[in-house]
Amino acid sequence: MPPKRRGPLQTVQRETDDIKRKVDALVQHAAEPDASDRTETLERCKELQRAVEEIMKTLKKLSKADELAPVGNYDQCKREEEKRLLTLYERLQSLALQLQPHDETAGPSSSQRDQESEEENSDEEDESSEDEDAEEEVQDDYDDDDDDDDNADSGDEDIGPTAKGQGSVSYIALSAFKGEEEGDLSIQKGEVLRVLSKNKDGWWLAQNSKGQKGLVPKTFLKVCIISQALTECIYIKTSNWNTVRKAVTEIDATDVLSAMGAIPPGFRPSTLSRLLEEGRSYRASHFIQPKLSQSQLSFKDLHMDPDTGKVHGQSSRVSLTLTLWSCRMIPPPGVRLQVLSRHIRLCAFNGTQVLSNIHTVRATYNSKSPKTWSFSPRMTGMLPCLLDGDCFLRCDSESPDLGILFELGVTYIRNSTGERGDLSCGWAFLKLFDESGAPIALRTQELTVHSGTPFEKDSDMDTTSTKRGYPTGVFQQMLLSRKIPKLVVKLKSVKTRSRELLNLLPDTIVGSLSTVHLLATYRQILADALLLDRVTMYNADLICSSVLASFPDVLDQPDLMDAFRKSWTESESNLRRSDKRDINVLKQMFVSVYMGSVFPLLYSVEMPAPCWADEEVESQRARIIYSPSQKTSVETLLSSQCSHQAFDITQVTYDLISSAQHWV
């Protein structure tokens, strides 16, 4: 049997492992007290450096399409290999600096000496001494400039020298900037800069690898963490600059689009969209499920009232309703991108972690006001829950920084390549508790939209900053405030009837307010099956229920939820007033309406799989859902003339073990 072929990424990983073993052995050999052959050790160190550079070049060229077989988490594995290679390069660079003689520390780099021929050894020594003197002179000027700047800028407010220690913070230029005034610093795309001071007006004092200093707009920079040894290598060993820059600079697709002018500099890849793509962990279908207690033998958030036979309502630390009102001064993408969807994704957030499911509301757009987004448009008939700006939020976290994270996003397609993607236009955070721990007032909130991601604290979308500082006049400040991107949100107190329904839901969940009554009824049916119908609480057998098994999937498909709401409203209009309050009648109607309308559509072979922001797929699904001629019922689904999906037992059985949320 022939040996199994390795993929390109696996080959790189094995080469990196081999290099790491050689580096470990070299470092151990250099640490020995009787190591007298420093020159030979230095040459081996330089050879390993060149090997690391070659592997890094090979890794940069790899793509997922080059693999012979599918590789799970390909991008993450590739990033980990880049980090390993960068760490090895740093170790070798530090070792090379230690092995060099003290009188040659500032001499030319290895790449320069290797390029020279052996016949010119005498000339090489003369040139080395000249280069040594020149670099020492430049370094002295660099130190003098630092001292002068420290003395001159000691009175500025936000002067922050580069952090010293094991790691220092440097910045990468996202695109080229040409200085227009005296004191500006012209930079090139991909150039690594050292920031000397950060001013509040958005113009930062930076220094490039040549020692030149000047002001640069902060929106052109992206943070990059580089170790102290590698930073010294960048600024002292200028001959190795190109190799080091390739090793530490990773420009993603968003940076490329920003440099092309297709999107504003503050746009980033959508953080919440990536979480949604990872699976069901951040979807409503996961959070609607019951949560097991610490003992795994009972439920933490699902209890039955023995007197009434209903689900016992539970209050949560945060239980409120909110209305997305509008967004203004949101910079639009360029003409090279076709926008498929403008939307807001919101969730419970504590500053470091997403605590709930991620709920999406699509915004309406008017070409006459390209920087303004609105929600809940007026229309005849029922408003789709995807466009409904009225939302609810429940969260039981005890974090003092608990709040609501809003991410403004667009789904786009590149006109030139047809590539799709999700961008974050900015984010806003509404903290729900003040410093004393008291809830904030329920009123209309005007939130500032920041660029970047919630983890980039220094990013702002304010493009009106000037190098002369903030305007001092009241009128100028009013004009400036109108140009800052804002999100208007209205927090409202929960009505009595809505509070009763919300208390039946899990203690942490976010969703559309128009679906609360359906979710509450589903939780009642779920409680009957788990708390009343099971023989014992230790029984974990499959439960025969199509509703329990498939409704969470419907919850993640807004168009099917709209169809369910429409059928529910039509059936509810025929009920008597007393029946509308009878939970037994509502449970029976829930099962009947669901099985007669939504369940056949969910597993219809004619129904295409949902695809976010795909107009063709959405239109095709809408024709199947609402067209009377194509409307599917249980009778037609079971007939021999109707084609349908192959039967799967998961369509009709509810698995408690795999569906329930486990204690964390």
Side-chain angles (χ1 to χ4, degrees), residues 70-77 79-80 268-294 296 299-302 316-318 343-361 385-386 391-399 401-407 409 411 421-422 424 427 429 453-455 505-512 515 519 522-523 526 530 540 548-558 560-561 602 609-613 650-651 653-664:
V71 179
N73 299 327
Y74 180 85
D75 295 334
Q76 181 179 355
C77 293
R79 286 194 297 268
E80 291 177 354
R268 297 286 188 271
S270 174
T271 303
L272 299 187
S273 294
R274 289 181 178 179
L275 294 179
L276 287 175
E277 293 173 357
E278 291 179 357
R280 302 182 62 170
S281 299
Y282 294 97
R283 295 183 179 272
S285 58
H286 174 70
F287 279 84
I288 194 64
Q289 301 289 359
K291 182 180 296 185
L292 294 175
S293 63
Q294 188 173 8
Q296 308 290 315
F299 299 101
K300 181 177 180 293
D301 59 351
L302 189 64
S316 187
R317 186 189 181 200
V318 174
H343 49 266
I344 284 185
R345 303 190 193 274
L346 63 148
C347 60
F349 190 66
N350 64 355
T352 58
Q353 184 181 6
V354 174
L355 303 175
S356 69
N357 62 296
I358 301 171
H359 179 62
T360 304
V361 180
C385 56
L386 186 60
C391 309
F392 70 87
L393 181 140
R394 283 171 58 85
C395 188
D396 204 33
S397 173
E398 297 296 332
S399 172
D401 300 323
L402 177 62
I404 308 175
L405 174 64
F406 302 90
E407 184 187 70
T411 302
D422 286 279
S424 169
W427 61 275
F429 180 68
T453 69
F455 307 101
L505 303 185
D507 52 15
T508 299
I509 192 171
V510 185
S512 173
T515 62
L519 301 182
Y522 171 78
R523 291 280 291 185
L526 187 64
L530 297 181
L548 299 183
S550 59
F551 179 76
D553 295 330
V554 174
L555 190 57
D556 290 336
Q557 304 181 36
L560 290 184
M561 282 299 297
L602 182 63
C611 182
W612 171 254
T650 58
Q651 300 175 6
T653 56
Y654 178 78
D655 188 355
L656 171 62
I657 301 300
S658 62
S659 300
Q661 301 181 58
H662 294 269
W663 176 271
V664 179

Partner set under salt bridge (charged side-chain N to carboxylate O under 4.0 Å, His left out) for [X], not counting sequence neighbours:
| X | result |
| --- | --- |
| D655 | none |
| R280 | D553 |
| D301 | R523 |

Euclidean distance, [Y] [atom2] relative to [X] [atom1], rounded to 0.5 Å:
| X | Y | atom1 | atom2 | value |
| --- | --- | --- | --- | --- |
| H286 | K291 | NE2 | NZ | 8.0 Å |
| L355 | F287 | CG | CZ | 8.0 Å |
| E277 | S270 | CD | OG | 8.0 Å |
| L302 | Q289 | CG | CD | 10.5 Å |
| T508 | L393 | OG1 | CG | 8.5 Å |

Worked verdict on D507 versus K300 for side-chain contact (heavy atoms from CB on, under 4.5 Å): CA-CA 9 Å; D507 52 15; K300 181 177 180 293; 3.4 Å; yes
Check for a donor-acceptor pair, side chain of T360 on one end and backbone N or O of R345 on the other, with a separation under 3.5 Å.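 Checking the backbone N and O of R345 against the side chain of T360, no donor-acceptor pair under 3.5 Å is found.
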So do [Y] and [X] actually touch side chain to side chain, heavy atoms under 4.5 Å?
| X | Y | result |
| --- | --- | --- |
| D401 | F349 | no |
| L526 | F551 | no |
| L530 | Y654 | yes |

Suppose we screen for side-chain contact (heavy atoms from CB on, under 4.5 Å). Which residues come up paired with A613, at least two apart in sequence or across chains?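 Result, side-chain contact (heavy atoms from CB on, under 4.5 Å) vs A613: L340, S341, R362, T411, R420.
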Under the side-chain contact (heavy atoms from CB on, under 4.5 Å) test against N357, which residue among V510, L346, L276 passes?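 Going through the options one by one, the only one that passes is V510.
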The test is side-chain contact (heavy atoms from CB on, under 4.5 Å); show your working for L656 and F299 and say whether it passes. CA-CA 11 Å; L656 171 62; F299 299 101; 3.8 Å; yes
Which pair of heavy atoms, one from [X] and one from [Y], lies closest together, and at what distance?
| X | Y | value |
| --- | --- | --- |
| A348 | S356 | N-OG, 2.9 Å |
| R317 | D396 | N-OD1, 3.3 Å |
| R394 | P506 | NE-O, 2.9 Å |
| E407 | S424 | CG-OG, 3.6 Å |
| L272 | I358 | O-CD1, 3.6 Å |
| F392 | L519 | CZ-CD1, 4.0 Å |

Kindly indicate, with the supporting measurements, whether the criterion side-chain contact (heavy atoms from CB on, under 4.5 Å) is fulfilled by Q651 and L602. CA-CA 10 Å; Q651 300 175 6; L602 182 63; over 6 Å; no
Any residue meeting side-chain hydrogen bond (donor to acceptor under 3.5 Å, both in side chains) with Y282, in chain and number order, not counting sequence neighbours: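 Listed in chain order: nothing, the list is empty.
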Can you sort out the partners of F406 under ring-ring contact (aromatic ring centres under 6.0 Å, His included), two or more places apart, ordered by chain and number?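 With neighbours one apart ignored, the set is empty.
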Report the C-alpha separation of W612 and D422 in whole Å, then their side-chain angles, then the decisive distance to 0.1 Å, and conclude whether the side-chain contact (heavy atoms from CB on, under 4.5 Å) test is met. CA-CA 10 Å; W612 171 254; D422 286 279; 4.1 Å; yes
